[in-house]
Amino acid sequence: MAPIIRSSPALAFLVLQISLIFFSSTLPYSSGSEDTYAITGRVKIPPSNVIGHLSKLSNVKVILNGGQSVTFLRPDGYFTFHKVPAGTHLIEVSAMGYFFSPVRVDVSARHHGKVHATLTETRRSLTELVLEPLREEQYYEIREPFSILSIVKSPMGLMVGFMVVVVFLMPKLMENIDPEEMKQAQEEMRRQGVPSLSSLLPSAGASR
């Protein structure tokens, strides 16, 4: 009986290991993948020409939670985020030339990953996760069309207009001035070292 007694601790330890293995195999196993879901949506960009439209789609990025995950569009315009946990998330679309409203996405664990989306800019709920641009963005200033009025209002236009007035109207005004007063004014200007108007306007001197 002594050998049996000495081997009983080893036998008990072996039975304990077998029991632990059995019970662990019967316990329910929960993996992280059961709590994550996939978010699938579509981005619609107004079509232009075929080549340009395809290049626009290839350059569009869809961003989840500020950069936690980034994906690109497939040729049909669809995108998918995998292994997204239940809760509230933010989806943003980066497309050159267009502005998209960020989208708040609620993923429901109770309804097996059902998605409810709302535009943050307009507070409008989406029945389907189809994202369209709110407006086009202009990166360059549009050149104004040619206008004569803009030239007249410019400093150069004002200067030219003043010179035209001086050349054509001043001689006629000087014709109506009394010659004696004109002579006195010229002498006064000469004493002060200021050139006379007749020296500046040859046409005025010729008319005298």
Side-chain angles (χ1 to χ4, degrees), residues 17-155 157:
Q17 283 186 332
I18 294 173
S19 300
L20 289 175
I21 293 173
F22 175 76
F23 282 110
S24 63
S25 62
T26 57
L27 290 175
Y29 175 74
S30 61
S31 62
S33 61
E34 292 180 356
D35 298 330
T36 60
Y37 307 93
I39 298 177
T40 300
R42 182 186 179 191
V43 174
K44 291 180 65 176
I45 294 181
S48 51
N49 53 75
V50 178
I51 299 177
H53 186 58
L54 293 177
S55 63
K56 287 180 181 179
L57 289 179
S58 63
N59 294 327
V60 174
K61 292 192 301 183
V62 187
I63 305 168
L64 179 67
N65 295 332
Q68 179 180 352
S69 181
V70 179
T71 186
F72 292 88
L73 299 183
R74 297 192 291 269
D76 56 1
Y78 284 87
F79 64 90
T80 301
F81 288 106
H82 300 280
K83 297 183 179 180
V84 179
T88 301
H89 305 276
L90 186 68
I91 293 180
E92 299 171 277
V93 179
S94 175
M96 183 175 295
Y98 297 95
F99 173 76
F100 287 80
S101 170
V103 182
R104 190 188 71 186
V105 176
D106 297 318
V107 181
S108 174
R110 179 180 300 178
H111 297 89
H112 306 288
K114 183 179 179 180
V115 174
H116 179 267
T118 305
L119 298 178
T120 60
E121 289 286 332
T122 60
R123 305 294 182 182
R124 181 170 63 90
S125 298
L126 302 177
T127 55
E128 297 181 357
L129 192 55
V130 179
L131 310 180
E132 300 183 29
L134 294 183
R135 62 178 182 269
E136 294 187 11
E137 291 186 333
Q138 296 289 342
Y139 295 100
Y140 302 98
E141 184 178 356
I142 300 177
R143 180 179 295 179
E144 296 182 358
F146 176 77
S147 174
I148 298 179
L149 187 59
S150 62
I151 297 178
V152 174
K153 290 182 178 180
S154 65

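Keep in mind that the numbers below use all heavy atoms, side chains included, and drop hydrogens, waters and symmetry copies. Computed from a prediction, not measured in an experiment: that's the story for all the values here.
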Exercise answer: donor-acceptor pairs, residues 61-81 side-chain atoms, under 3.5 Å, sequence neighbours excluded:
unit_1: Asn65; atom_1: OD1; unit_2: Leu90; atom_2: N; d: 2.9
unit_1: Asn65; atom_1: ND2; unit_2: Gln68; atom_2: OE1; d: 2.9
unit_1: Asn65; atom_1: ND2; unit_2: His89; atom_2: ND1; d: 3.1
unit_1: Arg74; atom_1: NH1; unit_2: Thr80; atom_2: OG1; d: 3.3
unit_1: Asp76; atom_1: OD1; unit_2: Tyr78; atom_2: N; d: 3.2
unit_1: Thr80; atom_1: OG1; unit_2: Thr40; atom_2: OG1; d: 3.3

* Asked: How far apart are the C-alpha atoms of Ile39 and Val84, what are their side-chain angles, what is the distance that settles it, and do they pass the side-chain contact (heavy atoms from CB on, under 4.5 Å) test?
  -> CA-CA 7 Å; Ile39 298 177; Val84 179; 3.7 Å; yes
* side-chain hydrogen bond (donor to acceptor under 3.5 Å, both in side chains): pairs with one or both residues in residues 105-119, sequence neighbours excluded -> Thr88-Asp106, Ser108-His111
* For the pair Val60 and Tyr98, evaluate side-chain contact (heavy atoms from CB on, under 4.5 Å) and give the outcome as yes or no after the intermediate values. => CA-CA 10 Å; Val60 174; Tyr98 297 95; over 6 Å; no
* What pair of heavy atoms forms the shortest contact from Leu126 to Val130, and how long is it? -> CD1-O, 4.1 Å
* Under 4.5 Å between any side-chain heavy atoms of Lys44 and Leu131, yes or no? -> no
* Structure fact -> To the nearest 0.5 Å, atom OG of Ser101 lies from atom CD of Glu132 at 12.0 Å
* Of the non-hydrogen atoms in Gly113 and Val107, which two are nearest, and what is the gap between them? -> CA-CG1, 4.0 Å
* Ile45 CD1 to Glu136 CD distance, which is reported to the nearest 0.5 Å -> 10.0 Å
* To do: Applying side-chain hydrogen bond (donor to acceptor under 3.5 Å, both in side chains), name anything that partners Arg104, two or more places apart in sequence or on another chain.
  => none
* To do: Measure across Ala86 and Tyr37 and return the closest heavy-atom pair with its distance rounded to 0.1 Å.
  => CB-CE1, 4.0 Å
